[in-house]
Number of protein chains: 2
Amino acid sequence: MNIGEVAKAAGLPVKTIRYYEEIGLVRPTRSENGYRVFAEADLHKLNFLGRSRALGFSIGDCRALLALYEDETRSSSEVREIAERHLANIEGKIADLQSLRDTLAHLVASCAGDARPDCPILDNLSGD
Amino acid sequence: MNIGEVAKAAGLPVKTIRYYEEIGLVRPTRSENGYRVFAEADLHKLNFLGRSRALGFSIGDCRALLALYEDETRSSSEVREIAERHLANIEGKIADLQSLRDTLAHLVASCAGDARPDCPILDNLSGD
DNA sequence: CCTTGACCTTCCAGTTACTGGAACCTTTAT
DNA sequence: ATAAAGGTTCCAGTAACTGGAAGGTCAAGG
């Protein structure tokens with residue numbers, strides 16, 4: 001398969017796949033004309049990467065997950081650890097954002113949002 | 001005030017303040033030796049920026065908010081619009097992260113996390 | 001007077017994970 | 001013959017800083 005075909009099949013942009021090759025996540029061969037040639041295994045890897053990224057795993061995590069996936073002697077605890085760390089991370093982000101949201105919601109609610117210049121939002125930002 | 005002093009007062013890293021000058025958010029004068037000199041108004045601005053950034057506003061939004069803050073003829077609706085857009089943005093992010101979290105939590109819960117290689121997390125990533 | 005240490009300066013590179021674009025080559029269809 | 005569609009490489013840009021190198025300035029101590 002050429003890159004366009006594999007991109008469509010994996011649901012990833014062509015550019016992204018080239019980038020993944022550049023950082024060593026996939027290693028397509030090359031045909032005589034210099035075009036990348038992807039095997040089924042490469043497509044499988046790209047699907048794996050697409051799903052991992054969609055779950056928010058960093059490229060580093062994806063690399064580790066892929067290595068574990070290909071390591072028959074892995075222990076599931078290694079995988080789980082990565083996922084747990086990521087989960088904790090996400091929960092932290094959610095908490096941060098919720099706190100931001102609450103603050104912002106209060107500020108927005110307190111602001112008339114009309115033609116007058118008085119604005120509790122600006123008052124708050126400027127230190128009350 | 002020199003940059004170190006104002007940094008401490010505003011609770012921002014020195015590097016950040018230099019960066020803010022570079023992108024035109026503050027315009028300290030210079031003393032004869034080339035050192036930046038910050039007035040009270042600059043400190044006030046930096047505090048404003050610090051609070052805005054802490055609420056998650058982008059630099060672009062911060063610039064707009066600062067301009068509105070300094071514009072006596074503003075209407076509070078302009079401020080409120082920026083805040084509302086930001087709030088909606090954050091709510092979108094929260095929803096995305098919550099969905100990720102739910103998926104991840106299920107996956108983590110389904111994985112034994114022991115010495116064996118069987119792993120529902122990897123199964124899921126590889127397309128079941 | 002000299003040195004030491006704390007500040008200050010500028011400039012360059014790196015971070016994350018791509019994305020856009022230019023310049024150019026290959027293949028396929030008309 | 002040519003034009004469209006697809007491929008190639010390489011460079012630059014994104015957001016908002018952050019780290020580090022090389023070097024100037026200033027106040028205090030011996």
Side-chain angles (χ1 to χ4, degrees), chain A residues 1-39 42-43 45-46 48-66 82 85-86 89-90 93 96-97 100, chain B residues 1-38 42 45-46 48-66 82 85-86 89-90 93 96-97 100:
Chain A
M1 306 168 91
N2 282 348
I3 198 167
E5 200 180 346
V6 87
K8 200 167 295 179
L12 291 173
V14 165
K15 281 268 188 186
T16 297
I17 296 175
R18 288 203 193 99
Y19 173 68
Y20 286 172
E21 182 194 24
E22 189 186 324
I23 62 175
L25 284 179
V26 271
R27 304 191 180 289
T29 56
R30 298 287 178 135
S31 70
E32 294 214 342
N33 59 16
Y35 285 17
R36 290 170 181 80
V37 177
F38 295 82
D42 293 317
L43 171 55
K45 260 193 192 184
L46 288 170
F48 186 100
L49 288 169
R51 288 201 198 83
S52 307
R53 292 286 301 133
L55 281 179
F57 286 105
S58 70
I59 290 286
D61 279 349
C62 289
R63 199 186 295 274
L65 289 170
L66 206 45
I82 293 174
R85 232 182 309 114
H86 182 44
N89 207 314
I90 285 177
K93 275 184 191 160
D96 290 351
L97 287 178
L100 280 192
Chain B
M1 304 170 92
N2 282 349
I3 197 168
E5 202 181 344
V6 87
K8 201 167 294 179
L12 291 173
V14 165
K15 282 266 189 186
T16 298
I17 296 175
R18 288 203 193 98
Y19 173 67
Y20 286 171
E21 182 194 24
E22 190 185 325
I23 62 175
L25 284 178
V26 272
R27 304 192 181 285
T29 57
R30 298 286 177 136
S31 69
E32 293 215 344
N33 58 17
Y35 287 17
R36 289 169 181 82
V37 178
F38 294 83
D42 293 317
K45 260 193 190 183
L46 288 169
F48 186 100
L49 288 168
R51 288 201 197 83
S52 307
R53 292 287 300 134
L55 280 179
F57 285 105
S58 70
I59 290 285
D61 280 348
C62 289
R63 199 186 297 274
L65 289 170
L66 206 45
I82 293 174
R85 234 183 307 114
H86 182 43
N89 208 314
I90 284 177
K93 274 184 192 159
D96 290 352
L97 287 177
L100 281 192

Check the distance between D/dT8's P and A/Asn2's CG and give it to me in whole angstrom. 7 Å
Find which nucleotide of DNA chain D each of A/Arg30 and A/Tyr35 is nearest to by heavy atoms, and output the residue with the more 5' nucleotide. A/Tyr35
Closest heavy-atom pair and its distance - B/Cys62, B/Ser52: SG-CB, 3.5 Å
State the CD-CZ distance between A/Glu5 and A/Arg36, to the nearest 0.5 angstrom. 15.5 Å
Close residues, residues 10-29 of chain A, relative to DNA chain C [heavy-atom separation under 4.0 Å]: A/Pro13, A/Lys15, A/Thr16, A/Tyr19, A/Tyr20
I need the single residue from B/Ile82, B/Leu66, B/Asn89 that forms a side chain to side chain contact (heavy atoms under 4.5 Å, CB included) with B/Asp61. Which is it? B/Ile82
SB check A/Glu21 A/Arg30 (cutoff 4.0 Å): yes
Using whole Å, what does the distance between atom P of nucleotide C/dT19 and atom CD1 of A/Ile3 come to? 13 Å
To the nearest 0.5 Å, atom OH of B/Tyr19 lies from atom CG of B/Leu12 at 13.5 Å
Take the C1' atoms of the five end pairs on each side of the helix from C/dC1-D/dG30 to C/dT30-D/dA1, derive the two axes, and give their angle rounded to 10 degrees. 30°
If every non-hydrogen atom of A/Gly56 is compared with every non-hydrogen atom of A/His86, which pair is closest and at what distance? O-CE1, 2.9 Å
I need the CD-C1' distance between A/Glu5 and C/dT27, as an integer number of Å. 14 Å
CA sep, side-chain torsions, deciding dist, call: B/Asp42, B/Arg27, side-chain contact (heavy atoms from CB on, under 4.5 Å): CA-CA 8 Å; B/Asp42 293 317; B/Arg27 304 192 181 285; 5.7 Å; no
Can you tell me the distance, in whole Å, between the NE2 atom of A/His86 and the C1' atom of C/dT16? 14 Å
Near DNA chain D, counting only heavy atoms under 4.0 Å, which residues of residues 51-66 of chain A show up? none
Gap between atom OG1 of B/Thr16 and atom CG of B/Leu46 - 0.5 Å precision: 10.0 Å
To the nearest 0.5 Å, what is the distance between CD1 on A/Ile90 and CG on B/Leu100? 4.5 Å
Which atoms form the tightest heavy-atom contact between A/Gly4 and A/Val14, and what is the distance? CA-CG2, 4.2 Å
Atom-pair distance (CZ on A/Arg36; P on D/dG6), nearest Å: 16 Å
A/Arg63 vs A/Leu25, side-chain contact (heavy atoms from CB on, under 4.5 Å): CA-CA, chis, key distance, verdict: CA-CA 7 Å; A/Arg63 199 186 295 274; A/Leu25 284 179; 3.9 Å; yes
For C/dC8, take OP1 and OP2 only and decide whether either is under 4.0 Å from a side-chain N or O of B/Asn33. no
